[in-house]
Structures are given as C-alpha cells and as structure tokens.
Visitor: 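My questions will all concern the structure given below.
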Protein chains: 2
Amino acid sequence: MTTEHRSPCPISSFLDLWGDRWTLIIIRDMLVGKRRFSDLEAGNEHVPPSILADRMKKLIALGVAERVQYQDKPPRYEYHLTAKGTALRPVLIAMGDWSEEHLPDRWHTPDWFRAGRHAPGRD
Amino acid sequence: MTTEHRSPCPISSFLDLWGDRWTLIIIRDMLVGKRRFSDLEAGNEHVPPSILADRMKKLIALGVAERVQYQDKPPRYEYHLTAKGTALRPVLIAMGDWSEEHLPDRWHTPDWFRAGRHAPGRD
DNA sequence: AAAGTAAACTTTCGATTTGAAAGTAACATG
DNA sequence: CATGTTACTTTCAAATCGAAAGTTTACTTT
C-alpha cells in the first residue's frame, strides 16, 4: 500500500486515508468497544464482509489497529485500536455534532462516547 | 438525489453525505475564500472538473452552497457557502489536527483558518 | 458418527464511481 | 479573426463497490 498523499495539506491527507463511506464507521464501532469481525459486521449499517476485511488490513497497515488472537482451539482473532486510532474520536464527535445540528431526526451522540468511554455493557 | 441514510447515527449520516475523497476538499477551499469554478479546479489537489461540477450540484442540492451569477455579458457564476456549509469548519480542523499529530511532514493548519477567517489576500 | 453451528474470512461478478482527456458555449481581447 | 478565459459537459477505460455465496477450522448437538 503506497500511502501517497495528494498534497501536504493535513486535511486532504486525512481524506486520502479515511475519505470513504465505511472506514470511519468501523472506527466508530471499535471506539464503542466492538472487537470481533462478526460484531463489526453486524452493526447498524451492515458493512459487507469483503469491505470489512479489506479495511481491517488497511487499518493494521497504517498502525491504527492491531489483530490479536484471543483463542487457540478454533483460532479466533479480535481487533484493537491503537492510540493513533483512538485519537480519531474528536473527528467523529465533530461529524456527529454537525449532523445533529443540520440533519433532521438523528440520534444524539451519547455522553459516554464524548467522554471517551465504551458503550455501557462493553469494557 | 435521494438522501438516504444507512442509519439514524449522526456519524454514519455525515459519511453518507461527505464520505468521499473530494467533497470536503472543495469545502475546505471555499472556507479559504475560493468562489469560482476555475479557482476551485486549480487547487493543490487538482479536482477533475467532472467531479467538481458533480459535487457543486450536490452541495447546492443539500443547501450547503449557493450558485450566484456575478456577471452578465459572458454569464459567469460563483459559489458561496451557506451557514450549513461554514459549520463544517470544526470537522475539517479536527481532521487536520489528527493528521498533524499522526502523519509526518504535514503543513500546519493556519491560525486564520482555525479562527474562521479567509486566507490573507481573499475576502 | 453425522449433521448442524459459529467465527472469520474469501471469492465472484455485475453495477457504480472515478478521473484523465478532450470537447463545448459564450463572450472578450489584441 | 484568431486566440484566450470561464464554466462547464462528454467520453470511456479502469478502479472500486457491494450483494451473495462459498470456504476453513473446530466445536456442539442429536
């Protein structure tokens, strides 16, 4: 993966990496505490598994997530965000703020998300 | 244009609208004070004119920009952001902040951009 | 022991989107 | 009257998307 940037502008560079319809939705779900492929796949927006697999490879290649084996007998894996990944939270909050103010009938961003915590029930 | 949202989540709704490689770059340049098609086309990243035309139609349809005729004799038009459009600035700033911290050798977001002003020399 | 379930993916393939290049329309200028 | 400027549109091959089905490995149920 050649991480080529269209210009040295930090905004366009951000979009070079994350400017698509799915990647930041996956990051959102990981910030909420989801770790497993099937969990991420089953979200509200139904990421196709082909796209999810592709994006997880990209996240790992960019150092934003890590793949960890969490059991042996049937080999199973889960994903964790790195600090570089959790640092994306303010961007997602800003996006949510714009939508809540300018689009009708959107959900509210929960306080635990703003505060940097997981969804209640996850840890 | 059916503005269909994948879910009522404000983050995914934001990505339904702006989740691509070009639209927010165009918004960035408009926030910087660029108004004319040729100005927007000539930016650092070189938006193809076919994409620029398509995105401007979308911005207008969504109430984020307006098209104004600024001369008659050869009919010429320019674009202005609405309040709904300028409200995207905090999202772009958050994106830039992430890139400055996590990608090497990016430009710094200028203070006048953070402060909500145009580029020096534009008004 | 055969059948079914589950997790984590991969493969296939038609449809959509992208983006480079060239073309168009309406005038202005030299 | 030839060239330039602005604001686009058209064309088309290539890349990407995404729905559906298939694969692998191992455990669980009948």
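Heavy atoms only: backbone and side chains are in, while hydrogens, waters and symmetry mates are out. Per chain, numbering begins at 1; letters A, B, ... match sequence-line order.
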Visitor: State, to the nearest 10°, the angle formed by the axis through the first five base pairs of the helix from C/dA1-D/dT30 to C/dG30-D/dC1 and the axis through its last five.
Guide: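 Rounded to the nearest 10 degrees, the bend comes out at 10°.
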Visitor: Rounded to the nearest angstrom, tell me the gap between atom CD1 in A/I51 and atom P in C/dT17.
Guide: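 Between P of C/dT17 and CD1 of A/I51: 13 Å.
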Visitor: Any non-hydrogen side-chain atom of A/M95 less than 4.5 Å from a side-chain atom of A/E100?
Guide: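 Side chain of A/M95 against side chain of A/E100, heavy atoms only: no contact under 4.5 Å found.
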Visitor: When the distance from CG of B/L52 to P of C/dG19 is rounded to whole Å, what number comes out?
Guide: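 It is 13 Å, rounded to the nearest whole Å.
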Visitor: Could you run down nucleotides 25-30 of chain C 5' to 3' and tag each one B, S or - for protein heavy-atom contact under 4.0 Å?
Guide: -BSS--
Visitor: With DNA chain C as reference, determine whether A/S50 or A/Y77 sits nearer its 5' end, using the nearest nucleotide of each.
Guide: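 Here A/Y77 is the residue nearer the 5' end.
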Visitor: Is the positively charged end of B/R106 above the ring of B/W98, judged by distance under 6.0 angstrom from the centroid and angle within 45° of the axis?
Guide: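 Relative to the ring axis of B/W98, which defines the angle, B/R106 lies outside at least one limit.
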Visitor: In terms of side-chain heavy atoms of B/E41, which of C/dC9, D/dC8, C/dG19 is nearest?
Guide: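 Comparing C/dC9, D/dC8, C/dG19 against the side chain of B/E41, the answer is D/dC8.
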Visitor: What nucleotide among D/dT6, C/dA22, C/dA8 has an atom nearest to a side-chain atom of A/Y70?
Guide: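 Closest of the options to the side chain of A/Y70: C/dA8.
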Visitor: Of the listed nucleotides (D/dT6, C/dG19, C/dA8), which one gets closest to any side-chain atom of B/S38?
Guide: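 Of all the options, the side chain of B/S38 is nearest to D/dT6.
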Visitor: Give the rounded distance in Å between these two atoms: CG of A/L40 and C1' of C/dA6.
Guide: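 A/L40 atom CG is separated from C/dA6 atom C1' by 16 Å.
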Visitor: Within the structure shown, what part of the strands sits under 4.0 Å from B/R55 by heavy-atom distance: base, sugar-phosphate, or nothing?
Guide: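 The answer is sugar-phosphate, as B/R55 gets under 4.0 Å only of primed atoms, P, OP1 or OP2.
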Visitor: Would you mind reading off the distance between A/D54 atom CG and D/dA15 atom P, rounded to a whole angstrom?
Guide: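 Between P of D/dA15 and CG of A/D54: 15 Å.
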Visitor: Check the distance between C/dC9's P and A/L59's CG and give it to me in whole angstrom.
Guide: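 So the two atoms are 13 Å apart, to the nearest Å.
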Visitor: Under 6.0 Å from the six-membered ring centre of B/W22 and within 45° of its axis: does the NZ or CZ of A/R6 meet both?
Guide: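 Yes, cation above the ring, under 6.0 Å and within 45°.
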Visitor: With a cut-off of less than 4.0 Å, is there a side-chain N or O of B/R67 near OP1 or OP2 of D/dC8?
Guide: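 Yes, such a contact exists.
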Visitor: If I take atom CZ in residue B/R21 and atom C1' in nucleotide C/dG19, what distance separates them, rounded to the nearest angstrom?
Guide: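 Result: 10 Å.
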Visitor: Quick one about A/S13 and A/D16 (side-chain donor to acceptor, distance below 3.5 Å, no hydrogens or angles considered), yes or no?
Guide: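 No donor-acceptor contact under 3.5 Å links the two side chains.
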Visitor: So which atom in A/S7 and which in B/N44 form the shortest heavy-atom distance, rounded to 0.1 Å?
Guide: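 Scanning both residues completely, I find the closest heavy atoms to be CB-CB, 4.0 Å.
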Visitor: Choosing from C/dT10, D/dT9, C/dC9, which nucleotide comes nearest the side chain of B/P49?
Guide: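 Looking only at heavy atoms from C-beta outward on B/P49, the closest nucleotide is D/dT9.
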Visitor: Taking the six-membered ring of A/F113 as reference, does the NZ or CZ atom of A/R89 fall below 6.0 Å from its centre and within a 45° cone about the axis?
Guide: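 Yes, A/R89 and A/F113 form such a contact.
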Visitor: With a cut-off of under 6.0 Å to the ring centre and 45° to the axis, is A/R76 in cation-pi contact with A/Y70?
Guide: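 Checked: cation-pi criterion not met.
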Visitor: Does B/R36 have a side-chain nitrogen or oxygen under 4.0 Å from the phosphate oxygens OP1 or OP2 of D/dT6?
Guide: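 B/R36 to D/dT6 OP1/OP2: side-chain N or O found under 4.0 Å.
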Visitor: Just N and O in the side chain of A/K57: are any of them under 4.0 Å from OP1 or OP2 of C/dA8?
Guide: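 Looking at the OP1 and OP2 atoms of C/dA8, neither is under 4.0 Å from any side-chain N or O of A/K57.
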Visitor: Just wondering, more than 12 heavy atoms not from B/H108 lying within 6.0 Å of its NE2?
Guide: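 No, the 6.0 Å shell around NE2 holds no more than 12 heavy atoms from other groups.
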Visitor: Does a nitrogen or oxygen in the side chain of A/W22 sit under 4.0 Å from OP1 or OP2 of D/dT16?
Guide: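 It does not, given that no N or O in the side chain of A/W22 lies less than 4.0 Å from OP1 or OP2 of D/dT16.
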Visitor: Would you say A/Y79 places a side-chain N or O within less than 4.0 Å of OP1 or OP2 belonging to C/dC9?
Guide: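 Yes, A/Y79 has a side-chain N/O under 4.0 Å of OP1/OP2 on C/dC9.
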Visitor: For the pair made of CG in B/L15 and P in D/dC17, what is the distance, rounded to whole Å?
Guide: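 From B/L15 CG to D/dC17 P: 14 Å.
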Visitor: With a 4.5 Å cut-off on side-chain heavy atoms, are A/D105 and B/P8 touching?
Guide: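 They are not in side-chain contact.
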Visitor: Please report the closest heavy-atom contact between A/S12 and B/I25, naming both atoms and the distance.
Guide: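 For A/S12 versus B/I25, the nearest heavy atoms are CB-CD1, 3.5 Å.
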Visitor: Using whole Å, report how far CG of A/D20 lies from C1' of C/dT16.
Guide: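 Rounded to the whole Å, the gap is 15 Å.
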Visitor: Looking only at side-chain atoms of B/A53, point me to the closest of C/dA7, D/dT6, D/dC8.
Guide: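 Among the listed nucleotides, the one closest to the side chain of B/A53 is D/dC8.
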